[in-house]
Amino acid sequence: MTEKDQEVVVLRLGHRPSRDKRVSTHLLLAARTFGAKNAYYTGTQDPFLEESIRKITADWGGDFTLEYAGGWKNVFADWKGKIVHLTMYGLPYQDVVDDIRSDPSPKLVVVGGAKVPGEVYGAADWNVAVTGQPHSEVSALALFLHELYQGSELKREFSGARLTVVPQANGKKLKTASRRV
Ligand code: SAM
């Protein structure tokens with residue numbers, strides 16, 4: 001199962017530029033790297049966040065995009081697929097991930113910020129816990145996508161990359177393409 005067999009779009013709720021700049025950036029980088037097609041965010045619109053994700057994709061390839069959505073209700077209403085909400089209060093992901101994977105419809109994976117409105121729990125098809133302990137939206141999303149895609153996301157190729165790492169046991173080596181193709 002790869003990201004081509006099961007489309008994932010991430011929705012980050014309640015972004016606050018002053019407090020969440022780094023964590024939202026890291027969440028979106030994890031989404032892009034581990035197989036999500038694109039992402040939406042709600043909260044306060046943040047041109048710096050949008051630009052930093054655009055730059056990463058321009059350099060490192062693929063066609064991941066980030067879009068501001070005024071409110072989660074509109075995104076839910078327009079979504080043609082199923083909704084997975086990551087929350088420590090949900091069902092253990094190891095118990096539900098097979099059901100989620102075997103459902104072929106696209107998945108909107110919702111991750112919270114400071115406070116998730118109670119209605120989100122009722123509107124989701126699955127409320128999924130990556131353990132019942134509080135940690136972070138970044139770790140929850142990364143583990144969930146890893147389990148969903150069963151490791152195939154680690155071998156993803158990012159087309160049109162300007163920069164590619166050449167793996168080495170020691171040191172850093174980058175291959176640079178002159179321009180994005
Ligand atoms: N009390 C929150 C909750 O419902 O999971 C923790 C808030 S945490 C700062 C922000 C987001 O990280 C949550 O909305 C959720 O998406 C994600 N998260 C944190 N711990 C999680 C866990 N154990 N399982 C799934 N998601 C988690």
Side-chain angles (χ1 to χ4, degrees), residues 1 3 6-46 48-50 52-53 56 64-103 105-154 156:
M1 158 80 62
E3 75 281 359
Q6 175 133 170
E7 184 179 302
V8 165
V9 172
V10 169
L11 172 62
R12 197 282 193 268
L13 300 177
H15 172 68
R16 300 161 300 177
S18 53
R19 299 184 61 170
D20 300 329
K21 189 175 177 326
R22 280 173 65 81
V23 75
S24 290
T25 304
H26 292 176
L27 175 80
L28 293 160
L29 295 184
R32 171 186 170 273
T33 298
F34 300 131
K37 182 169 169 277
N38 59 292
Y40 300 108
Y41 72 104
T42 67
T44 305
Q45 186 160 16
D46 183 350
F48 296 102
L49 177 67
E50 293 174 21
S52 71
I53 300 303
I56 291 280
F64 183 86
T65 55
L66 172 65
E67 207 179 306
Y68 178 67
W72 65 270
K73 286 185 182 169
N74 297 338
V75 181
F76 276 36
D78 291 345
W79 181 249
K80 309 223 173 347
K82 298 276 175 66
I83 298 176
V84 177
H85 170 218
L86 297 180
T87 166
M88 61 189 279
Y89 302 107
L91 297 174
Y93 84 135
Q94 60 273 28
D95 295 349
V96 293
V97 75
D98 289 346
D99 285 349
I100 298 172
R101 198 188 300 111
S102 62
D103 178 310
S105 56
K107 303 295 179 313
L108 182 70
V109 178
V110 183
V111 293
K115 190 165 175 7
V116 176
E119 296 153 278
V120 169
Y121 292 77
D125 295 287
W126 291 274
N127 290 292
V128 176
V130 182
T131 80
Q133 300 295 320
H135 45 96
S136 133
E137 45 274 59
V138 185
S139 46
L141 181 68
L143 279 163
F144 174 75
L145 291 176
H146 184 59
E147 202 62 29
L148 181 73
Y149 291 133
Q150 300 174 295
S152 69
E153 81 289 353
L154 300 175
R156 273 192 90 191

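Just follow the structure's listing: the first ligand is 1, and inside any ligand the first atom is 1. Atom set for the values below is all heavy atoms of this structure, side chains included, hydrogens, waters and symmetry mates excluded.
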* To do: Mark the output for V128 as yes if a heavy-atom distance to ligand 1 is under 4.0 Å, and as no if none is.
  => yes
* Determine whether any heavy atom of G132 lies closer than 4.0 Å to an atom of ligand 1. => no
Just how far is it from atom [atom1] of [X] to atom [atom2] of [Y], taken to the nearest 0.5 Å?
X   : Y   : atom1 : atom2 : answer
Q6  : K37 : CD    : NZ    : 13.5 Å
R22 : D20 : CZ    : CG    : 12.5 Å
T42 : Y68 : OG1   : OH    : 7.0 Å

* Asked: Do the side chains of D98 and R101 get nearer than 4.5 Å, heavy atoms only?
  -> yes
* Taking C-beta and beyond as the side chain, do V120 and F76 meet within less than 4.5 Å on heavy atoms? -> yes
Numbering the atoms of ligand 1 from 1, which are under 4.0 Å from a heavy atom of [X]?
X    : result
S136 : 12 (O), 19 (C)
V111 : 16 (O)
V130 : 22 (C), 23 (N), 24 (N), 25 (C)
A129 : 24 (N)
V116 : 14 (O)
T131 : 22 (C), 23 (N), 24 (N)

How far is [atom] from the closest protein heavy atom, and which atom is that?
atom                    : answer
atom 4 (O) of ligand 1  : T87 OG1, 3.0 Å
atom 16 (O) of ligand 1 : L86 O, 2.6 Å
atom 6 (C) of ligand 1  : M88 SD, 4.2 Å

* Asked: Is the number of heavy atoms from other residues, nucleotides or ligands under 6.0 Å of Y89 OH greater than 12?
  -> no
* CZ (R16) with more than 12 external heavy atoms under 6.0 Å -> yes
* Asked: Which heavy atom in L49 sits nearest to a heavy atom in S52, and how many Å separate them?
  -> O-OG, 3.1 Å
* How far apart are the closest heavy atoms of V75 and A69, and which atoms are they? -> CG2-CB, 3.4 Å
* Asked: Nearest non-hydrogen atom to atom 12 (O) of ligand 1 belongs to which of E137, K115, Q133, H135?
  -> E137
* If hydrogens are left out, which of A140, G112, P92, P134 has an atom nearest to atom 26 (N) of ligand 1, that is, the closest non-hydrogen atom? -> A140
* Would you mind telling me if ligand 1 is within reach of the side chain of S139, the backbone, both or neither, using heavy atoms under 4.0 Å? => neither
* With heavy atoms only and a cut-off of under 4.0 Å, state how Y121 meets ligand 1: side chain, backbone, both or neither. => side chain
* To do: May I ask you to check if ligand 1 and G113 share an N or O to N or O distance below 3.5 Å?
  => no
* To do: Quick one: do Y121 and H85 satisfy ring pair (Phe, Tyr, Trp, His ring centres under 6.0 Å)? Show the steps, please.
  => CA-CA 7 Å; Y121 292 77; H85 170 218; 4.7 Å; yes
